[in-house]
Amino acid sequence: MNKTYDHKTLEKEVYEMWEKIGAFSPEGAKTLREKGGNNLPYSVLMPPPNANAPIHCGHATYSLQDIMIRYKRMQGFDALYLPGTDHAGFETQYVYEKKLKAEGKSRFDFDRDTFYKDVLNFVKENSDTAINQLKLLGMSADWDRNTFMLGQKVIDIVYDTFIKMYNEGLVYREGYMVNYSTFYGTTFSDLETDYKDSVSPLYYVKYAIGATPKKEGLPLYMTVATVRPETIYADVAIAVNPNDKRYKDFVGKKVINPLTNEEIPVIEDEYVDIEFGTGCLKITPGHDFNDYKIGKKHGLSVISLINLDGRMNEFAGEVAGLFPSAARKKVVEILQEKGAIEKINDKYENRVLVDYKEGNVIEPMILPNWFINMDKLLDPVISAIEKNEVKFNLPEWKRDTLRWIKEKKPWPISRQTVFGIRIPAWYSISENPDLQVTFVDKSGVYRSGNLKQMLGTNNGKDYSLDEIKSGLQKVIPSKDAKYLIQKDSPGDDFLQETDTFDTWFSSGQWPLTTTKYPDSSDFKKYYPTDFLDSGYDIMFFWIARMIMFGLYLTGEIPFKNVYFHGMVTGKDGRKMSKSKNNGVNPVEMIEKYGADALRMGLIVGGNTEAKFSPFDEDKVRGFRNFANKIWNVSRFINQKIEDDHLNIPDEMSDSDLQKEDKELLSKLKSLIESVTKDLDRYKFKLAGESIYDFIWNTLANDYLESIKSRSDVSAMFTLRRSFLSAIKLLHPFMPFVTEAVWKEISKPKSESKYIIISKWPI
RNA sequence: GGUUGAGUAGCUCAGCUGGUUAGAGCAUUCGGUUUACAUCCGAAAGGUCACUGGUUCGAACCCAGUCUCAACCACCA
C-alpha cells in the first residue's frame, strides 16, 4: 500500500469495479451477497438532472440519496436507486437556440418537427455529461434502468393520464392571462419571470364625466395615472377605493374613455390604493393581472389589444399595427392634442415584468390555455399529508406544502415551446374555419394567417395542406375551437395542437414513468418508493404534483418520506453565482480532494437540513485528510499483524480481552446504535460526525496509540474489529476510500469480498 | 406588504425532547515528531449563546417584545 491515499486512481478503479460486478442493481447485489438478504424492496428516485447540462454543487446533495441506498443495501434490502434525466423543455430549447443564434439562425427558420429532432439530437449528444459526473460523485444508481423524460414509454404514460383526466372532465380549455413574450413567442411560467427596475414616464390622463346626471359642483373629469396609455383602448372601468371620500359621489356614474369615446363605469374595489397616484385606477382586464382579477370579480368584459406577433390589433384604433412602445408615443400625442393629459411625471420609478433570460418585456395577455381542474385531485393529497402517510423531514415543510395545496389553484398546463410533449388534441380543419397557422413554406419563408384562406384559391398565394402540415410551426385555434382528445391522428382533416405540456406535467409522473407503470415488475415491487430527496424550491411544482398524480392513478402515495435539503451557497452564505464569484465546481473539487471528501464536506461539514448550507473548501480539505487517516490506519493494522506474526481469530470471548479493549468495543457498540438510529431518522450530519469522531479520536489517537507496545492478539483483534465495523458505518458517506481499504485490509473469512454488499454492523 | 427562517469562538456551523464545565472543522499561538499518517501529534488561547423581560429547581433551547440579516411569495397602477 502507498504511504498516502491516492483518490484520483483509486476512485476510478473502485467505481469501475462496482459497475463490473453489477453491485448497483438489486438483482446484482443479491447474487453477490449470496445469502442473508431480506428480499424487502427499498427504492429511491433520483430527481432528474437536466440531460444537457453539467452538474452544479446542488447535485452533490444527491449523496444523501446514495447514503440511504448504500445503507439499506448493506442492511440486506433489495435497494434500487432509480436514475433518469430530464428534457427540461424550455431550458434546453433556450440553450439550443443560443447555439442557432451563433450560426445566424433562429427557430423560425425551421418547421417544428425538424426543430424538435434537432434539439433532441443535441440533447442526446450531451446527455451523458450529467450522468458521468454523477458517477464521479459515487452514486450507486442502477444506470441500466435509466429513464429519459422524452422516451416513448414516458410519452405513452403521460398521454394515457391526460386522456383519462379528459374523460373524467378534469381537463378544460379557456382564456387565461399568461406571461407572453412576443420576443420568444411563448408564455413563461411565473417562475420564469422577473421584475426589472426602470424609470418610465407616468401619465396623468383625464377621463371626462359622462352624460349621466351629475351633482352640482362636481369636477368635470377624473384623472388616472398610468404608465401604459396605449392600453386605454381596452379600458373597461375606472376603480376607486370604497373608503376614498374624494370619489364617493362618482361611484356608479360613467366616464368617457378619452380614446374610444365610449362610456365606462366607475366602480369601487378594495384593491385600489388611496395613496397612489390620484387614487383612481383604470381597469384593463386584457393586459394586467390585477385588472383581470378585478374585472372577473365585477363581471367586466375583456378586450385584447395585442396580437401574438406583438403588434396592436384592430381594437387599437389609430395605432393598430404598431408595436406597443411606438403605439404609446402616438397615443400620448393624440391625448395631448385632445387636452386629456394633465401632467407627466418623467422620473417615475417602477418595475417592469421581463423574462428571466434576457430581460425582454413580458406582456400579460389572454390566451386559450389547457387547464387541469385541481379541486378534487388535491383532496386525497391533503388527507395523505395530514395523516402523515407522506412524512416530511421538518414540520415546516409539511405546513408549507399543505398551505399551498389548499389554495387549489387550477393548473395551466400548456406551453408554447416546441421541445416537450405535444398535447394530444386535434383540431378539425373543416369544423374550425377560423384556425390560424404559422409555417415555413417550401421555399423556406415564414408564413402566417388564416388556414382556410391559405388553402383557398386566390392570387396565387395559396398552399397545399401537405405543404402547410410539413412546414407547420404553430396552430392558433380560437377560444372555443372544436377538438378531439386522442393519442393518434383522427384523419387528414385534423391538425394537432402545437402547444406542449408544462414540464411538470410529465415530471410530476416521474415515480410512475421510472417504475414503468402500470404493469411492470419494478412498479409492482418498488412502488411506492421509500425516500425522496429534493430542493425545497420545487416543493409545489414537483413534490405536490407527484403526490397528486400518484394518488390519482394508483390510489397510493408515490413515496413515504420526503427530505428537503437546503440550498448549497457560497462560503459567504449567498447564492452561488458567476457575478459574485463564489461559485464552486463540484468536478474540480472531486479532482482536488476526492468525491468522498466532497460528500463529507457537504453533508457533515455543512448541514443539508438547514435552509442554507454554505460550501467551505477548508472542510473538504479536512475530510480529504480523514480519508488519508483511514488509509493509514489500515496500513498500520496490516503491518503490525505481519510484523508480529499474529493470527487473529474471527471471534474472541470477553474474558480474553483487556479492560481497554472492552471499553473500545463498548464505545463501538454505542456508535453503531446511534449511527443506525440517526440514519433511520435522516440525521445525516450527526451520524457522519460521530463516525468521524470515533475513527479519528477514539480509535486512532487514543486506542491505537495505547496498544502500540502490545503484541497480544486481543489488542489487534479489538482494533481490527472496531475499524472494520467503523468503515462499514462510514461506507455510505465515503464509499470510495472504504471500499479501497476493504480490499487491502486483512479481514475474517466470514466477511464479504466487497464492502458495498457487506453486512451492516449490529 | 405577506410568510418563513436565522443571529452561538476570528470564520463556517453543530448543540438531537429544558439537565454537569456550551462543542467541531478551519484559522491563530506554543511545543513535539527519522512516525501508520507532516494530509501528523500534544497543548493553549478564544464565547454576556443578538438584546430586554418572563416561565422554571434549572434556559443557547420554552413564552412575549425589540433589533439585525436572509429567503420565498405578492406587488408598485
Side-chain angles (χ1 to χ4, degrees), chain A residues 1-7 190-191 195 197-198 200 202-205 224-229 231 235 238-239 271-273 275-284 287-291 293-294 348-353 394 396-397 399-400 403-404 407 536-537 539-540 566-567 569-575 593-594 597 600-601 604-607 609-640 643 674 677-678 681-683 685-690 692-693 696-697 700-702 704-705 708 719 723:
Chain A
M1 286 174 88
N2 288 333
K3 203 168 168 184
T4 51
Y5 171 62
D6 170 20
H7 66 262
D190 290 344
L191 274 180
Y195 285 93
D197 289 326
S198 126
S200 329
L202 181 65
Y203 303 94
Y204 286 75
V205 182
V224 168
T226 178
V227 289
R228 301 205 57 188
T231 64
D235 285 357
I238 298 292
Y271 170 77
V272 182
D273 183 354
E275 308 289 320
F276 191 94
T278 60
C280 301
L281 174 65
K282 74 188 200 67
I283 302 297
T284 321
H287 294 281
D288 183 278
F289 283 94
N290 290 304
D291 293 6
K293 269 188 228 154
I294 295 172
Y348 175 65
E349 288 173 18
N350 69 340
R351 293 171 66 191
V352 182
L353 190 63
L394 291 175
E396 53 258 43
W397 301 133
R399 179 197 59 203
D400 287 358
R403 184 180 298 158
W404 183 80
E407 284 181 32
Y536 61 84
D537 49 333
M539 177 190 312
F540 310 138
M567 190 192 303
T569 65
K571 198 187 170 180
D572 56 4
R574 297 196 296 171
K575 252 188 192 175
Y593 303 111
M600 284 294 271
V604 179
N607 181 16
E609 205 165 38
K611 273 211 165 174
F612 302 98
S613 189
F615 182 89
D616 188 347
E617 187 170 337
D618 284 339
K619 299 212 170 173
V620 179
R621 187 154 42 82
F623 288 112
R624 187 268 319 261
N625 298 353
F626 182 48
N628 192 54
K629 189 82 184 173
I630 290 163
W631 183 254
N632 275 289
V633 171
S634 73
R635 279 183 68 215
F636 174 84
I637 294 174
N638 277 353
Q639 208 170 300
K640 185 138 169 88
D643 290 353
S674 75
K677 198 177 127 208
D678 286 339
R681 56 193 190 124
Y682 312 117
K683 297 290 178 188
K685 185 189 166 86
L686 280 175
E689 229 168 26
S690 44
Y692 174 90
D693 179 61
W696 198 306
N697 297 319
N701 287 0
D702 299 343
L704 186 148
E705 289 299 331
K708 269 187 177 167
L719 181 64
F723 182 67

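Reminder, nothing fancy here: chain letters follow the sequence lines and each chain counts from 1. Just the heavy atoms: all of them, side chains too, but no hydrogens, waters or symmetry mates, feed the values below. This is a predicted model, so every value here is computed, not measured.
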- [ ] Would you sort out whether A:Trp397 and A:Tyr536 count as a side chain to side chain contact (heavy atoms under 4.5 Å, CB included), showing the intermediate values?
- [x] CA-CA 8 Å; A:Trp397 301 133; A:Tyr536 61 84; 3.6 Å; yes
Open item on the list: Among residues at least two apart in sequence or on other chains, which ones pass side-chain hydrogen bond (donor to acceptor under 3.5 Å, both in side chains) with A:Ser200?
Closed with: A:Ser198, A:Asn350
Task: Exceeds 12 heavy-atom contacts within 6.0 angstrom, atom CD of A:Glu349 - done: no
TODO: To the nearest Å, give me how far apart CD1 (A:Ile630) and C1' (B:rA36) are.
DONE: 13 Å
Contact list (N/O, under 3.5 angstrom) for nucleotides 15-17 of chain B vs protein:
unit_1: B:rC16; atom_1: O2'; unit_2: A:Arg681; atom_2: NH1; d: 2.8
unit_1: B:rC16; atom_1: O2; unit_2: A:Arg681; atom_2: NH2; d: 3.1

Open item on the list: Can you list everything that forms a side-chain hydrogen bond (donor to acceptor under 3.5 Å, both in side chains) with A:Lys677? Sequence neighbours excluded, please.
Closed with: none
Open item on the list: Going by the rule ring pair (Phe, Tyr, Trp, His ring centres under 6.0 Å), which residues pair with A:Tyr203 if we only count those two or more places apart in sequence or in a different chain?
Closed with: none
Task: side-chain hydrogen bond (donor to acceptor under 3.5 Å, both in side chains) against A:Asp693, all qualifying residues, sequence neighbours excluded - done: A:Asn697
Task: Distance test, side-chain N/O of A:Lys629 to OP1/OP2 of B:rC41, below 4.0 Å - done: yes
TODO: Answer with base, sugar-phosphate or nothing: what part of the nucleic acid does A:Tyr195 contact at a heavy-atom distance below 4.0 Å?
DONE: base
- [ ] For B:rA44, give its Watson-Crick or G-U wobble partner with both distances under 3.5 Å, or none.
- [x] B:rU28
Open item on the list: Over all strands shown, is A:Ile637 touching base, sugar-phosphate only, or nothing at heavy-atom distances under 4.0 angstrom?
Closed with: nothing
- [ ] Grab the CZ-P distance between A:Phe623 and B:rA24 for me, whole Å please.
- [x] 14 Å
Under 3.5 Å, which N/O atoms of the protein pair with N/O atoms of nucleotides 2-6 of chain B?
unit_1: B:rU3; atom_1: O2'; unit_2: A:Arg403; atom_2: NH1; d: 2.8
unit_1: B:rU4; atom_1: O3'; unit_2: A:Arg399; atom_2: NH2; d: 3.3

TODO: For A:Tyr682, check ring pair (Phe, Tyr, Trp, His ring centres under 6.0 Å) against everything at least two apart and list the hits.
DONE: A:Phe531
TODO: Sort out the partner of B:rA9 for me: Watson-Crick or G-U wobble, both distances under 3.5 Å, none otherwise.
DONE: none
Task: Heavy atoms from other residues, nucleotides or ligands near CD of A:Glu275 exceed 12 (cutoff 6.0 Å) - done: no
Open item on the list: Going by the rule salt bridge (Lys or Arg N to Asp or Glu O under 4.0 Å), which residues pair with A:Arg399 if we only count those two or more places apart in sequence or in a different chain?
Closed with: none
Open item on the list: Partner lookup for B:rU55, please. Criteria are Watson-Crick or G-U wobble with both distances under 3.5 angstrom; report none if nothing qualifies.
Closed with: none
Task: A:Ile283 side chain near A:Leu281 side chain, heavy-atom distance below 4.5 Å - done: yes
Task: Protein-nucleotide distance (A:Ile294, atom CD1; B:rC76, atom P), rounded to Å - done: 10 Å
- [ ] Verify the contact: side-chain N or O of A:Asn638 to OP1 or OP2 of B:rA36, cut-off strictly under 4.0 Å; return yes or no.
- [x] no
TODO: Would you classify A:Val272 as touching base, sugar-phosphate or nothing, given that sugar-phosphate means primed atoms plus P, OP1 and OP2, and contacts are heavy atoms under 4.0 Å?
DONE: base
- [ ] Measure from NZ on A:Lys3 to P on B:rC40 and round the result to the nearest Å.
- [x] 13 Å
Task: Who pairs with B:rC72 - Watson-Crick or G-U, where each distance is under 3.5 Å - done: B:rG2
Open item on the list: Checking base pairs now: Watson-Crick or wobble, both atom distances under 3.5 Å. What partners B:rU66?
Closed with: B:rA50
Open item on the list: Apply side chain to side chain contact (heavy atoms under 4.5 Å, CB included) to residues A:Tyr271 and A:Ile294 and explain how you reach the verdict.
Closed with: CA-CA 8 Å; A:Tyr271 170 77; A:Ile294 295 172; 3.4 Å; yes
Open item on the list: With a 4.0 Å cutoff (strictly under), does any side-chain N or O of A:Trp404 reach OP1 or OP2 of B:rC72?
Closed with: no
Open item on the list: With a cut-off of less than 4.0 Å, is there a side-chain N or O of A:Asn350 near OP1 or OP2 of B:rC76?
Closed with: no
Task: For A:Phe723, ring pair (Phe, Tyr, Trp, His ring centres under 6.0 Å) partners two or more places apart - done: none
- [ ] Take A:Ala627 and A:Ala610, find for each the nucleotide of RNA chain B with the closest heavy atom, and name the residue whose nucleotide sits nearer the 5' end.
- [x] A:Ala610
Task: Assigned partner base of B:rC16, Watson-Crick or wobble definition, under 3.5 Å - done: none
TODO: Could you tell me the separation between the CZ atom of A:Arg635 and the P atom of B:rA36, rounded to a whole number of Å?
DONE: 9 Å
Task: Gap between atoms CG and P, on A:Leu353 and B:rA74 respectively (whole Å) - done: 10 Å
TODO: Scan A:Trp696 against the nucleic acid and name what it touches under 4.0 Å (heavy atoms): base, sugar-phosphate only, or nothing.
DONE: sugar-phosphate
Task: Non-hydrogen side-chain atoms of A:Arg624 and A:Tyr5 separated by less than 4.5 Å - done: no
Task: Side-chain donor/acceptor contact of A:Glu275 with base of B:rA77 under 3.5 Å - done: no
TODO: Quick one: look up who B:rA77 pairs with, Watson-Crick or G-U, both distances under 3.5 Å, and put none if it's unpaired.
DONE: none
Open item on the list: Test of understanding: with side-chain hydrogen bond (donor to acceptor under 3.5 Å, both in side chains), list the residues that count as partners of A:Lys282, not counting sequence neighbours.
Closed with: A:Thr231, A:Asp235, A:Thr284
TODO: Return the nearest nucleotide to the side chain of A:Thr226; candidates are B:rC76, B:rA77, B:rG25.
DONE: B:rA77
Open item on the list: Applying a 4.0 Å non-hydrogen cut-off, can you work out what A:Val633 is touching in the nucleic acid: base, sugar-phosphate, or nothing?
Closed with: base
Task: Phosphate-side-chain proximity, A:Tyr536 and B:rC72, N/O vs OP1/OP2 below 4.0 Å - done: no
Open item on the list: Just to verify, what does A:Asp288 make a salt bridge (Lys or Arg N to Asp or Glu O under 4.0 Å) with, not counting sequence neighbours?
Closed with: none
Open item on the list: Whole angstroms only, please: what is the CZ-C1' distance between A:Arg624 and B:rU39?
Closed with: 5 Å
- [ ] Identify whether any heavy atom of A:Phe723 sits under 4.0 Å from a base atom; if not, whether one sits that close to sugar-phosphate; answer base, sugar-phosphate or nothing.
- [x] nothing
TODO: Identify whether any heavy atom of A:Glu705 sits under 4.0 Å from a base atom; if not, whether one sits that close to sugar-phosphate; answer base, sugar-phosphate or nothing.
DONE: base
Open item on the list: If you assign A:Lys685 and A:Cys280 each to the RNA chain B nucleotide with the nearest heavy atom, which residue ends up on the more 5' nucleotide?
Closed with: A:Lys685
Between N or O atoms, less than 3.5 Å apart, protein on one side and nucleotides 26-32 of chain B on the other: list the pairs.
unit_1: B:rC26; atom_1: O2'; unit_2: A:Asp618; atom_2: OD2; d: 3.0

Open item on the list: Applying the Watson-Crick and G-U wobble criteria at under 3.5 Å, what pairs with B:rU21? Answer none if nothing qualifies.
Closed with: none
Task: Distance in angstrom units between A:Asn290 CG and B:rC76 C1', rounded - done: 10 Å
Task: Residue A:Asn701, side-chain atoms from C-beta onward, closest of B:rG42, B:rC75, B:rA14 - done: B:rG42
